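A short write-up of the structure that comes next.
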Amino acid sequence: MTRVHDNLEPAEAKMAANHVSVFYGDKAAIDDVSIEIPNEYVTAFIGPSGCGKSTFLRSLNRMNDTIPSARVEGEITLDGEDIYKSGMDVVQLRARVGMVFQKPNPFPKSIYENIAYGPKIHGLASGKAELDEIVEQSLRRAGLWEEVKDRLEDSGTALSGGQQQRLCIARAIAVDPEVILMDEPCSALDPIATAKIEELIDEISGRYAIVIVTHSMQQAARVSQRTAFFHLGKIVEYGRTSDIFTTPLEQRTQDYITGRYG
Amino acid sequence: MSGPILFLLALGLGLAGWIAGRARAWAFRKSVPDGRLASLPNYHAWYVALWIAVPVALFAVVWSATAPSLILQSVLSTPEASQLPAFGFQRDNILREAQAVASGAAPAVFNEAAKPLIEPFREAMARYNLMGFAAALVIAFLAGAFAYLRLKPDFAARTRVERAVMFALLLASLVAILTTLGIVASLVFETVRFFGMVNPIDFLFGTQWNPDPMSGADNPDASRYGAIPLFWGTIFIGAIIAMIVAIPLGLMSAIYLTQYADPRLRKWLKPALEILAGVPTVVYGYFAALTVAPMIRDLAQSVGIEGASSESALAAGIVMGVMIIPFVSSMADDSIAAVPSAMRDGSLAMGATRSETIKRVLIPAALPGIVAGIMLAISRAIGETMIVVMAASTAANLSANPFDSMTTVTVQIVAMLTGEASTEHHTTLSAFALGFVLFLVTLALNFIALRVVRRFREAYE
Ligand SMILES: Nc1ncnc2c1ncn2[C@@H]1O[C@H](COP(=O)(O)OP(=O)(O)OP(=O)(O)O)[C@@H](O)[C@H]1O
Ligand SMILES: [Mg+2]
């Protein structure tokens, strides 16, 4: 059912979904989806609104557990280990699979505390100096260090929207995850802030497996190497980003990326 | 006397104006091309009605205040009045009796001298009633005509009626504020009188509270009026013991209800908790006095604490704490629920556990709201009287032992006011001084709570 382009060069799969369905109550939002998330690549999820992109993304780090009515069937693995098996440590999983949300959601704490939050709860730093080091490193990687190094004690909520989103990315990086999931990270930002985030994604890609949900074709084309097109709870087509945008195999994909959808 | 009648008249004429104004506006509707007026016909109607009813009502107020003296004046100018005693008690009595009979409030006179005056009173009343009635009609007509003639298809009746509504609302809120100011003023007045007899320094810093209602009314023994034990008792019971009970329990129940409870359970549990706030404090008082206090005494004795009283600060404080759990928990519940769920998701997505998220993100973010709730709960506890009366006695002890009996400011206010002494006596007046200081303390607490809440608002935008 999913048309996979056959010219994909082999890549190590960081995560894999096998026949995954997600239900809200009785209603299936994701219906029998299988896909591999390659390591060190940026994978883009595109598709019309309501097709289940966020739902699927959230099932990759079990954030759907926080929604009482949500239920996941099938198998999702991280480095070959089923993350829905009983006895799985969700806390550990989420430390390895970080997430950045659509709306920047810094904690109403200082910038420093925002970054230090994850390392503290996971005991990654053995002292103040080490923690400082992690905070600086994370902010540098997120391209925010120069802008905030003199105001680390200011509230994270006092930053601009774009800065807040980079802060959230820095926060996710700080726990040294293996996978970073981003759900429309730029949809609340202006073009300049968006460009900065895209630059940042470019910068950090190669170090992590990154999955980004986006409504912007250009963004998907700019930042990702792989693209999956979702429609009505299924992945219709999956392949190299350049192929999906230039030689789609499916009519629905063609219609969507040329804006003829709906 | 004709005041109520004039008010009814104002309402009746207002209604007539309402109907007339509406009819006129409807007529306009036919005359303008698309049938659209600047304001709806109802607004025109209300505009006319208000223009009639308000001036007539104001006149009714003025008239009912001045008419009696006008009537009296005219009666005194009749020849029958020349028989009256020149002044004094007698003269007033005679006049009062004659008036009462004339108005039908009394069946007959006792004092023969009043008899000849009945008829003049009747006449004067009839005359002035008629005058008042006529004046009201004239006012209603003039004001109504003015308003009626101003109506036009493009007349902005709506803005004017809105303005009248706003004015009425303003007046209503002023009533509450002015009443409060009046209460404070009377409190201040009595307090100043008390401080004229007892030095405020002695009152605020003295450590003996033992007023003597039998002593002379004007030379009180200031050393018996030290309020420290009372304020200490208030703080110890209301702000310390009660809070040690209420804050953890209230917070924990709020956390459970917002974060863990199944929605169906929450639907039952939250109202059940809030019902606690509706239980009359006397009922809590029974519970404190009959159940908790003896239990605590027995417990204290069994572990070997000497002299545990059956009326203990601990009993009153614990029950008071239970009483204010709903205040703390419902404010905390609201402010935790108001923390955007994105905060919670952000924390969970970092791999924080539920309780870490609560401890490190939700509570800090909701803290100002929680603190405000605690402040309100404290001022509630400080003002609470009944439980203390029933469970902690009226003996003013300055002690840090929770098993001692203690008393609070409000309890002493009641004791002083309901005592034998006259209202002029310093024991009675001391109640006002206590009330005044307590008022200032709770005011300060509420003020702090409001400030904290404001800071909270700024934190999110
Ligand atoms: N908490 C929920 N409870 C019930 N149904 C939900 C819930 N969240 C999402 N859904 C449903 O699941 C389907 C997929 O939603 P999802 O948010 O995953 O779409 P999406 O592709 O992310 O859309 P968008 O591009 O608009 O963000 C939708 O039909 C939606 O109504
Ligand atoms: Mg979405």
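Residue numbers begin at 1 in each chain, while the letters A, B, ... track the order of the sequences. Side chains included, hydrogens not; waters and symmetry mates left out as well; all remaining heavy atoms used. What you are looking at is a predicted structure, and each value in this text was computed from that prediction instead of being measured.
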Worksheet item: Which bit of A/F101 is near chain B, if near means a heavy-atom gap under 4.5 Å: side chain, backbone, both or neither?
Response: side chain

Response to the item:
Note: vs chain B, highest number of non-hydrogen pairs under 4.5 angstrom among A/R62, A/R58, A/K109 is A/K109

Worksheet item: On the ring face of A/Y41, is A/R226 found with NZ or CZ under 6.0 Å from the centre and within 45° of the axis?
Response: no

Worksheet entry | Under 4.5 Å from a heavy atom of chain A, the part of B/S347 involved | both

Worksheet item: Heavy-atom distance under 4.5 Å to chain B: side chain of A/P106, backbone, both or neither?
Response: backbone

Worksheet entry | Separation of B/D345 CG from B/T357 OG1 (nearest 0.5 Å) | 9.5 Å

Please output the side-chain donor-acceptor pairs of residues 230-244 of chain B that fall under 3.5 Å, not counting sequence neighbours, one pair per line with the distance.
| residue | atom | partner | partner atom | Å |
| --- | --- | --- | --- | --- |
| B/W232 | NE1 | B/S399 | O | 2.6 |
| B/T234 | OG1 | B/L230 | O | 2.8 |
| B/T234 | OG1 | B/V409 | N | 3.0 |

Worksheet item: For chain B, which residues from residues 86-97 of chain A have at least one heavy atom closer than 4.5 Å to it?
Response: A/V91, A/R94, A/A95, A/V97

Discussion item. Under a 4.0 Å threshold between the charged nitrogen and the carboxylate oxygen, would A/E130 count as salt-bridged to A/K128?
Written reply: no

Worksheet item: If you count heavy-atom pairs under 4.5 Å between each of B/E356, B/R354, B/R344 and chain A, which one has the most?
Response: B/E356

List, one per line, each side-chain donor-acceptor pair under 3.5 Å for residues 368-383 of chain B, sequence neighbours excluded.
| residue | atom | partner | partner atom | Å |
| --- | --- | --- | --- | --- |
| B/S379 | OG | B/M375 | O | 3.2 |
| B/S379 | OG | B/L376 | O | 3.1 |
| B/S379 | OG | B/N446 | OD1 | 3.3 |

Worksheet, complete the sentence: By side chain to side chain contact (heavy atoms under 4.5 Å, CB included), A/W145 pairs with (sequence neighbours left out) A/E136, A/L139, A/R140, A/K149, A/L152

Item to complete: From the options A/D79, A/N39, A/T43, select the one residue that forms a side-chain hydrogen bond (donor to acceptor under 3.5 Å, both in side chains) with A/K14.
Response: A/D79

Worksheet item: Without hydrogens or angle criteria, can the side chains of A/T77 and A/E81 be said to hold a donor-acceptor pair below 3.5 Å?
Response: no

